[in-house]
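Heads up: the structure comes next, in structure tokens.
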Amino acid sequence: MTVQSLPYSSRGPGWQRRLALGSLCLGCLIVGVLGDASLAQTESYCTVTGVDVNQLSNAVRITIRADGVLQVEAEIFDFVEWSEEEGSWQKRELALIPFVLPNARTRVGSFVDISAYPVSYLAMSTPPESPEGVGLKCLLALYRPATLGRMNVDNDEMDLTHWGEAMDVRVHIEKSTNGRELYLTVTSDKHVEVAKEKPEREPKELERRLSLKKGPSGALSLRALNADLQEVMQQISQLSGVPVLVDDAVEHDLTCCLDDMQVDALLHSIARGCGLALAQEDNTYYVSEALPTNVASYWLSSTETIALRYLKPTEALPLLSDCVLRYARPNEAGNTLVATGPPALLEKIRSDISEVDKPGLQITLRVAVVEFSSDAEATRTLAALVGSGNVQAGVDSADSTLSFAVLDKRLSEIQAQMGWLRRKSTATLDVRPRLTVRSGERAEMFWGQKRYFKFISTGEYGPEVQIETANIGVKLRATPWGSTPDWITVPLEVEASNLLSVGAGGLPIVARRTANVTLALKSGDTVIIGGLELAQPSRGRQRTAPGTMPWPLSEAMTAVQRRSTVRNIVILLQVDAEAL
């Protein structure tokens, strides 16, 4: 904006300045208005127009569709956490999978019912701080916790499918190449028989018949073949004189044969057979769909809280039939299930839960670690314990294999038999404390030591001293489960870590061996695990050719070569189970 200078006049020397100041203020006002208008314009956004659900035999695929390019963000730290004990990142199991659509609005509502195992529903909400209501915080609710598989969104890309077991429930979050769809694929631990699509045929007119008669005692007899439910209810109301109101959303074809039934029993039988909600008030019957989708069906449905005593909600829901999962929601805070539907359905869910919500097993793991000076001593000792030199008791740590044997003896008996070994000092028995878990819970036991290593690294401001830790020893991971003490299934993972050497810079070189086995045991049985060898460098230094190597090679050789102590390890694991 330009302000022109005007000549002085009789108005006085301040007139020009006042005119210029007024013009300047007017210009600033115009610029401010235009600036406010530009600020009021928000960035381009898109609208979620649909959510498609595709049931696969081993997964559920959810497609979120939009009329524009979606922005998708997810935080990787919602799915992983740092484990101080493991010294590494571990995957988190989540029942609510969070992600954000920063540039989207929703046209499908804030709640989308999925009800396809293992997915319960999709919730989308607009945060109060969102500018002009643009932006959606989304939660994908699952019937049982899952871990992250693949994630390919705008702010991050990661593949964690190599972590964990192949049968774990996993969530894959992937954006389409054109950006207009978001795919949420949730793998399942159940196999579902998916009906094959049949080729479309010309619509065929069904044969329809309806016969309703009233007996002398007022009882009704109904014969129906593919009859329209609305028409059936209308005839029942006219013949009995009892008002029956049916929600417009109810569309069913009825086929039945019911004889000599009073109106109340007849209506309840029809409602139960068709999965409808039925209520009576002031001598008037109301019929609606069982799952609340509008005010009428919500008014006719009942809500009940089913308390759980032994199971968690995420453990109880997968035990129900898939057809009733949509009527139940977990309440983790109260350890309950909240079910909504007709009374007959609620009674069935309550009955099923009472059958499975029973005391589980309390499983106790006791461990004894025996050290031998050689494989030969370990093999002879185990052969004596097993009897007649069973080959399963053979120990060979050189070929990197582990051996497992099961004895129907308690650990105390085995310790008594091995007493003579301790007196001869050929074996060292190290008994560890016992660990008690519930059936299905994970137990971890570690025998060894945590070593600390100091090294210097180059940081942003120069050399920095850092401390690294390494667990050197044997680690057992077990997830025992069972319904009775007679047989207990024990998935067992054995990990042996050996410290090979320590480099000149101070960093350790650790070798790890892992073996997995699943055992079926009786309560009181003892598992023998052999073939473990632990080698740890000592603090002393050793020169390979003292005095013959020139400096600095002699110092380098001294830094990396150390004496090592080799120990042959045999683990005895006793498993006990009792009802809670």
Original post:
Rounded to the nearest 0.5 Å, what separation is found between the CZ atom of R329 and the OG atom of S115?
Top reply: 5.0 Å
**OP:** Without swapping roles, check the side chain of D189 against the backbone of V169 for a donor-acceptor pair under 3.5 Å.
**Re:** no
Original post:
Quick one: are L519 and V575 in side-chain contact, heavy atoms under 4.5 Å?
Top reply: no
Subject >> Sidechain-backbone polar pair: R170 side chain, T161 backbone, donor-acceptor under 3.5 Å >> reply: yes
Original post:
Is there a side-chain contact between D352 and L320, using heavy atoms and a 4.5 Å cut-off?
Top reply: yes
Original post:
What pair of heavy atoms forms the shortest contact from D156 to A74, and how long is it?
Top reply: CB-O, 4.4 Å
Original post:
Are any non-hydrogen side-chain atoms of V60 and P118 less than 4.5 angstrom apart?
Top reply: yes
Subject >> Ring centre gap for W89 and F79 strictly below 6.0 Å >> reply: no
Original post:
Roughly how far apart are N155 CG and E75 CD, rounded to 0.5 Å?
Top reply: 6.0 Å
Original post:
Are the side chain of T479 and the backbone N or O of P491 linked by a donor-acceptor pair below 3.5 Å?
Top reply: no
**OP:** Evaluate side chain to side chain contact (heavy atoms under 4.5 Å, CB included) for T187 paired with H172, printing each intermediate quantity in order.
**Re:** CA-CA 8 Å; T187 61; H172 307 280; 3.9 Å; yes
Original post:
Under a 4.0 Å N-O cut-off, is there an ion pair linking R434 with D576?
Top reply: no
Original post:
Take atom CZ in F111; do more than 12 heavy atoms of anything else shown fall under 6.0 Å from it?
Top reply: yes
Original post:
Does any non-hydrogen side-chain atom of W487 lie less than 4.5 Å from one of K522?
Top reply: yes
Subject >> Side-chain donor or acceptor of K312 paired with backbone N/O of E332 under 3.5 Å >> reply: no
Original post:
What heavy-atom pair brings R92 and D78 nearest, and what distance separates the two atoms?
Top reply: NH1-O, 3.4 Å
Subject >> Minimum heavy-atom distance Q574-G524, with the two atoms named >> reply: CG-O, 4.0 Å
**OP:** Working to the nearest 0.5 Å, report the span between CG of N335 and CG of L308.
**Re:** 5.0 Å
Original post:
Taking the side chain from K348 and the backbone from V324, do they hold a donor-acceptor pair closer than 3.5 Å?
Top reply: no
Subject >> Flag side-chain contact, heavy atom, 4.5 Å: L139 against I97 >> reply: no
Subject >> Minimum heavy-atom distance between P480 and V437, given as atom pair plus value >> reply: CG-CG2, 4.1 Å
Subject >> Beyond-backbone contact of L365 with L476, side-chain heavy atoms, under 4.5 angstrom >> reply: no
Subject >> Any K190 side-chain heavy atom under 4.5 Å of D322 side chain >> reply: yes
Subject >> Side chain D357, main chain L311, donor-acceptor under 3.5 Å >> reply: yes
Subject >> F99 and I64: CA distance, side-chain angles, deciding distance, side chain to side chain contact (heavy atoms under 4.5 Å, CB included) verdict >> reply: CA-CA 13 Å; F99 60 95; I64 300 177; 4.1 Å; yes
Original post:
How close do A316 and I353 get, heavy atom to heavy atom, and via which atoms?
Top reply: CB-CD1, 4.2 Å
**OP:** Verify side chain to side chain donor-acceptor pair (under 3.5 Å) between Q362 and E578, making sure each step is shown before the conclusion.
**Re:** CA-CA 5 Å; Q362 178 177 278; E578 59 181 352; 3.1 Å; yes
Subject >> N516 side chain to E493 backbone, donor-acceptor under 3.5 Å >> reply: no
Subject >> Sidechain N-carboxylate O distance under 4.0 Å for E181, R65 >> reply: no
Original post:
Judged by atom type as modelled, is there a donor-acceptor pair below 3.5 Å linking the side chain of Y327 to the main-chain atoms of L345?
Top reply: no
Subject >> Verdict with reasoning, V474 to V369, per side chain to side chain contact (heavy atoms under 4.5 Å, CB included) >> reply: CA-CA 10 Å; V474 177; V369 181; over 6 Å; no
**OP:** Would you confirm whether S439, through its side chain, and L361, through its main-chain N or O, come within 3.5 Å as a donor-acceptor pair?
**Re:** no
Original post:
Would you say S110's side chain and S125's backbone share a donor-acceptor pair under 3.5 angstrom?
Top reply: no
**OP:** Mind checking the CG-CG spacing from L94 to L142? Nearest 0.5 Å is all I need.
**Re:** 8.5 Å
Original post:
Distance from L276 atom CG to S288 atom OG, nearest 0.5 Å?
Top reply: 8.0 Å
Subject >> Closest approach of A577 to P485 (non-hydrogen atoms, all atoms of both residues) >> reply: O-CB, 3.8 Å
**OP:** Taking the side chain as every heavy atom from C-beta outward, state whether I173 and L184 have any atom pair closer than 4.5 Å.
**Re:** yes
**OP:** Could you give me the CA-CA distance, side-chain angles and deciding distance for L435 and E444, then say whether side chain to side chain contact (heavy atoms under 4.5 Å, CB included) is met?
**Re:** CA-CA 9 Å; L435 183 61; E444 288 193 8; 5.9 Å; no
**OP:** Kindly compute the distance separating NZ (K137) from OG1 (T126), expressed to the nearest 0.5 Å.
**Re:** 11.0 Å
